[in-house]
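In each ligand, atom 1 is the first atom listed, and ligand 1 is the first ligand listed.
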Amino acid sequence: MVGATNQTLRPFMWRAGKLFPDREIVSRTAEGLTRYTYSEYEGRVAQLAGALADAGIERGDRVATFCWNHNRHFETYFGVPSMGAQLHTINPLLPDHHIQYIVENAEDRIIFVDPSLAPKLAGAVDEDAFASVEQFVVMASEVPDTDLTPVTDYESFIADQPTEYDWPDLPEDQPAGMCYTSGTTGKPKGVEYSQQMLWAHTMATLPKSALDIGSSDVIMPVVPMFHVNAWGLPFSTTAAGAKHVYPGPSPTPEDLAKLIEEEGVTMTAGVPTVWLGLLEYLDENDADMSSLERIIIGGSAAPKSVIRRFDEEYDVDVLHAWGMTEMSPVGTVAHLKPGMEDLPAEAQYEKRAKQGLLAPGLEMRVVDDDGNEVPWNGEDFGELWVRGPWVTTEYFERPDANEQDFEGNWLKTGDVVTVDEEGYVKIVDRAKDVIKSGGEWISSVELENTIMAHDDVAEATVVGVPHERWQERPVAFVVPAAGVTEDEVKREVVELVRKEFPKWWTPDEVVFIDEVPKTATGKFDKKVLRDQYDDASLVEGKAPEEDAPTDN
Ligand code: ADP
């Protein structure tokens, strides 16, 4: 019989502590800049595991975080799964009713929460939905004034624990992580990551053919740690023994530029909105970007202009990547193939602005409406299906969604793509009816249901339209009921949405139409509206920029 140890996360931390004990973990926090080494990190992670065990957390229990990117959050990344529990990272930007659904569905026992997010979480607490939650731990060295109860602070929580822990040997299929993704209709869908999936994703993203991470790197994930484990970077950075830099709560472009300059960041990652903001900042301010070698841009399509500007003005390579919560998340990366460096610059940017080449270890198919595979000719399109060792094959307790989104072990991504002769994937449309604004989902269906519930609205639909800064913004198309004034309806629609959803879900515009165009089968034909939108004479009323998600 052939044998080997299980594929789990623990050896990554062990190796970093042994081989790179002095490499640093630096973090902007609400209390200022924190700096310590892997060897100190290992000790604090052991303390956290001890504290969780003392709190009664057992194998398979879920422990949640409601946090920005910082060192304490990173401590939960290894502490929670390595002691056998499951780390559930909650997106604090979601509407309250989604947070309630998620906590109830996951049955979280402890929630770690940032001081700045404690009021938001307290506002979402609902006795029934939070029935499983035994305590809140605030990520600080003292408890702030909060309605959360019972509550303690992180430093007191771990204080009396030893800096060593008797780590268990875990099976590969032990659930280690969990993240919810927004569903087309209503309820978010839970994706569980096993120890093996996170191990495989880490090993797959390290090499040159994926993200190219080594011990000399200094890596700053700007992508939130509640988004698919910050695209796995805290794990891969540790596996490589590289230096971590965490930008903390609500980093501004200036904060990011300073961290790059002062900490010598070599690689960073986030959605396009963040990098548009940094470029704007750099236009007006001096900052030394010379340490920065590459930026991973994903979550939404990286604009070609951003790739070009970073290359030409700052000598920074943008690696455009595509992925999904269901895929841990990395699926494709837009590397040039050998010889393509000799192509004219424009042709290179064209390739690099595609979503790219499938990562080694995965398989893909592109399937048309009749279920046939489409040829790789850069023109024919179909839905992208993927499978592999870090791609989930089911949602947590959602047989309805499983039926729709999986076919055997294939994940049906809902992304409509072309693949060119060289195998570069390009997303051309989205089959799922959701809007992605600044890297965060907005459910058009939920907005529609809310707006249509208004007595003065005969019919309404919400469509995602392209936006330079946020990639997409929602626009509501409303057919007013007979005899009501448009201004009145517009005001009330906005009020209605604001009552139920975060401000950044508010449609940028409310456009009045006589009738919602329908497809042959009677569904709203959003494509027609999107196409007409360019010519429409629109009403003002943009959502204020400070409400948008990635500025938080
Ligand atoms: P993530 O945290 O990576 O954004 P989600 O599961 O929330 O993961 O979103 C995945 C979806 O986001 C994809 O199915 C696709 O529609 C979109 N997406 C992700 N990366 C890209 C990209 N590089 N270009 C265009 N769309 C993307």
Side-chain angles (χ1 to χ4, degrees), residues 69 89-91 93-94 98 102 177-184 188-193 201 205 210-211 221-233 269-275 295-304 306-307 318-335 351-359 362 364 366 381 383-386 390-392 395 401 404-406 410-419 424-444 464 466-467 470-472 549-550:
N69 293 13
T89 50
I90 305 176
N91 180 346
L93 302 173
L94 293 174
H98 281 190
I102 282 173
M178 187 177 208
C179 198
Y180 282 74
T181 183
S182 294
T184 302
K189 298 175 283 191
V191 177
E192 293 192 279
Y193 308 114
H201 182 265
T205 48
L211 305 183
V222 182
V223 48
M225 292 172 82
F226 51 79
H227 267 312
V228 213
N229 303 316
W231 299 345
L233 288 168
V271 295
T273 306
V274 171
W275 310 115
I295 303 178
I296 304 165
I297 301 190
S300 294
K304 197 160 60 173
V306 171
I307 302 178
V318 167
L319 274 184
H320 186 201
W322 163 87
M324 290 175 72
T325 304
E326 291 85 337
M327 303 176 65
S328 308
V330 175
T332 63
V333 186
H335 285 290
K351 280 284 185 220
R352 292 173 55 196
K354 294 192 176 191
Q355 278 66 26
L357 301 171
L358 197 69
L362 300 179
M364 71 178 193
V366 182
F381 56 83
E383 188 186 14
L384 179 62
W385 293 15
V386 289
W390 58 94
V391 181
T392 193
Y395 294 114
Q404 197 182 318
D405 293 352
F406 299 94
W410 290 98
L411 165 70
K412 303 198 268 184
T413 67
D415 288 322
V416 178
V417 307
T418 60
V419 184
Y424 285 78
V425 172
K426 180 177 179 187
I427 297 186
V428 293
D429 199 4
R430 202 185 282 140
K432 40 201 178 193
D433 191 9
V434 272
I435 298 162
K436 203 168 202 191
S437 189
E440 300 290 338
W441 291 117
I442 294 173
S443 165
S444 50
H467 188 280
W470 305 110
Q471 288 78 59
E472 273 183 317
T550 45

For [atom], which of the options [options] provides the nearest non-hydrogen atom?
{"atom": "atom 1 (P) of ligand 1", "options": "Lys354, Lys436, His227, Lys426", "value": "Lys436"}
{"atom": "atom 15 (C) of ligand 1", "options": "Leu384, Asp415, Val330, Thr181", "value": "Asp415"}
{"atom": "atom 23 (N) of ligand 1", "options": "Pro272, Ser182, Ala321, Ala301", "value": "Ala321"}
{"atom": "atom 22 (C) of ligand 1", "options": "Ser300, Gly298, Ala431", "value": "Ser300"}

For this session: Sort out for me which residue in Glu383, Gln355, Lys432 forms a side chain to side chain contact (heavy atoms under 4.5 Å, CB included) with Asp415.
Result: Lys432
For this session: Sort out for me which residue in Ile427, Val419, Val417 forms a side chain to side chain contact (heavy atoms under 4.5 Å, CB included) with Leu384.
Result: Val417
Does ligand 1 have a heavy atom under 4.0 Å from the side chain of [X], from its backbone, from both, or from neither?
{"X": "Met324", "result": "both"}
{"X": "Ala302", "result": "neither"}
{"X": "Thr325", "result": "both"}

Any donor and acceptor pair, going by atom type alone, linking the side chain of [X] with main-chain N or O of [Y] inside 3.5 Å?
{"X": "Lys426", "Y": "Lys351", "result": "no"}
{"X": "Glu472", "Y": "Ile435", "result": "no"}
{"X": "Lys436", "Y": "Gly299", "result": "yes"}
{"X": "Asn69", "Y": "Val223", "result": "yes"}
{"X": "Tyr424", "Y": "His335", "result": "yes"}

For [atom], closest protein heavy-atom neighbour:
{"atom": "atom 10 (C) of ligand 1", "result": "Gly323 O, 3.3 Å"}
{"atom": "atom 24 (N) of ligand 1", "result": "Gln355 NE2, 2.8 Å"}
{"atom": "atom 7 (O) of ligand 1", "result": "Trp441 NE1, 2.9 Å"}

Can you list the ligand 1 atoms lying under 4.0 Å from a non-hydrogen atom of [X]?
{"X": "His320", "answer": "22 (C), 23 (N), 24 (N)"}
{"X": "Val228", "answer": "2 (O)"}
{"X": "Ile427", "answer": "25 (C), 26 (N)"}
{"X": "Arg430", "answer": "16 (O)"}
{"X": "Trp231", "answer": "2 (O), 3 (O)"}

Exercise. What residues, two or more places apart in sequence or in another chain, satisfy side chain to side chain donor-acceptor pair (under 3.5 Å) together with His227?
Worked result: Glu440
Exercise. Taking the six-membered ring for Trp, are His201 and Trp390 parallel (under 30°), tilted (30 to 60°) or perpendicular (over 60°)?
Worked result: perpendicular
For this session: May I ask you to check if ligand 1 and Gly299 share an N or O to N or O distance below 3.5 Å?
Result: yes
For this session: Answer yes or no for Lys432: is there a heavy-atom contact with ligand 1 below 4.0 Å?
Result: yes
For this session: Could you tell me whether ligand 1 has any atom less than 4.0 Å away from a heavy atom of Gly439?
Result: no
Problem set entry | Leu93 side chain near Phe226 side chain, heavy-atom distance below 4.5 Å | yes
Problem set entry | Non-hydrogen atoms of Pro329 and Gly232 that approach each other most closely | CD-N, 4.4 Å
